[in-house]
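Worksheet: one structure, shown below.
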Amino acid sequence: EVQLVESGGGLVQAGGSLRLSCAASGFTFDDYAIGWFRQAPGKEREGVSCISSSAGSAYYADSVKGRFTISSDNAKNTVYLQMNSLKPEDTAVYYCAALRELYYSGSYFDPDDYDFWGQGTQVTVSS
């Protein structure tokens, strides 16, 4: 059974930090890019960050660049999102998702390109 399980969300004040984790199982971890998406009430789901072993690259939305860092521990099949200098506009449900990279040519930020999704974890940033 494919599983992506997010953890680490919570309530923080503006300027604070959180570290999200995405634990993967049930598929070949190294064959997939792992992305983080978020969805705030009344807004579209948007790509936040993605790590791609095939491209050897990490990608960030402009809104989080310089504040968030994505990393991967392949031995643990886990991807992390370190979020610093949090702002109220970062408040959302955060999801991790897996994208099969074979023959992939895209932006890594289109939710429709992803094959598996986690249940989400709430991040709330107070002002």
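Residues Ala33 and Glu101 approach most closely at N-CG, 3.4 Å, considering heavy atoms. Of all heavy-atom pairs between Ala40 and Ala92, the closest is N-CB, 3.8 Å. Ala24 and Leu4 get closest at one heavy-atom pair: CB-CD2, 3.5 Å. Between Ala14 and Pro88, the shortest heavy-atom distance links the atoms CB-CD, 4.1 Å.
Counted within 6.0 Å of NZ on Lys65, heavy atoms from surrounding residues, nucleotides or ligands total more than 12; the atom is thus considered enclosed. Enclosure of atom CZ in Arg67 by more than 12 non-hydrogen atoms of other residues, nucleotides or ligands within 6.0 angstrom is indicated.
Gln82 places none of its side-chain heavy atoms less than 4.5 Å from the side chain of Ser71. Between Gln119 and Val5, some side-chain heavy-atom pair lies under the 4.5 Å cut-off. Using a 4.5 Å heavy-atom cutoff, the side chains of Val79 and Ile70 are in contact. Residues Gln122 and Thr91 form a side-chain contact, since some pair of their non-hydrogen atoms from C-beta on lies under 4.5 Å apart. At least one side-chain heavy atom of Leu81 sits less than 4.5 Å from a side-chain heavy atom of Ser49. Using a 4.5 Å cut-off on side-chain heavy atoms (C-beta onward), Ser63 and Arg38 make contact.
Under the 4.5 Å side-chain heavy-atom criterion for grouping Ile, Leu, Val, Met, Phe, Trp and Tyr, Val12 is connected to Val64 within one hydrophobic cluster. A continuous path of ILVMFWY side-chain contacts below 4.5 Å connects Val123 to Trp36, so both sit in one hydrophobic cluster. In the hydrophobic clustering of ILVMFWY residues, with side-chain heavy atoms under 4.5 Å counting as a link, Leu11 and Leu86 come out apart. In the hydrophobic clustering of this structure, Leu18 groups with Tyr60; members are Ile, Leu, Val, Met, Phe, Trp, Tyr whose side-chain heavy atoms approach within less than 4.5 Å, directly or through other members. Following chains of ILVMFWY side-chain contacts shorter than 4.5 Å, one cannot reach Val48 starting from Tyr95, and the two form parts of different hydrophobic clusters.
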The test is side chain to side chain contact (heavy atoms under 4.5 Å, CB included); show your working for Met83 and Val125 and say whether it passes. CA-CA 11 Å; Met83 306 187 296; Val125 184; over 6 Å; no

As a quick check of understanding, evaluate side chain to side chain contact (heavy atoms under 4.5 Å, CB included) for Phe29 and Ile34, giving each step before the final call. CA-CA 9 Å; Phe29 185 78; Ile34 303 296; 4.0 Å; yes

What verdict does the side-chain hydrogen bond (donor to acceptor under 3.5 Å, both in side chains) test give for Asp113 and Tyr104, after you've listed the backbone C-alpha separation in whole Å, the side-chain angles of each residue and the deciding distance to 0.1 Å? CA-CA 9 Å; Asp113 291 343; Tyr104 183 72; 2.7 Å; yes

Could you check Phe116 against Arg100 for side chain to side chain contact (heavy atoms under 4.5 Å, CB included), going step by step and ending with a plain yes or no? CA-CA 9 Å; Phe116 309 123; Arg100 184 171 174 266; over 6 Å; no

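Panel note: side chain Glu6, backbone Thr121; no donor-acceptor pair is recorded below 3.5 Å.
A salt bridge does not link Asp90 with Lys87: none of the charged nitrogens is closer than 4.0 Å to a carboxylate oxygen.
The ring-ring contact (aromatic ring centres under 6.0 Å, His included) search around Phe37 returns Tyr114, Trp117, not counting sequence neighbours. Shown here are the side chain to side chain donor-acceptor pair (under 3.5 Å) partners of Asp30, two or more places apart in sequence or in another chain: Asn74.
The side chain to side chain contact (heavy atoms under 4.5 Å, CB included) with Leu20 is formed by just one residue from the set Phe68, Tyr80, Tyr94; it is Tyr94.
Taking CG of Asp112 as the start and CZ of Arg45 as the end, the distance is 10.0 Å to the nearest 0.5 Å. Interatomic distance, OG of Ser57 versus CD1 of Ile51, reported as 9.5 Å (0.5 Å rounding).
Tyr59 and Phe109 have perpendicular rings, their planes meeting at more than 60° on a 0 to 90° scale where under 30° would count as parallel.
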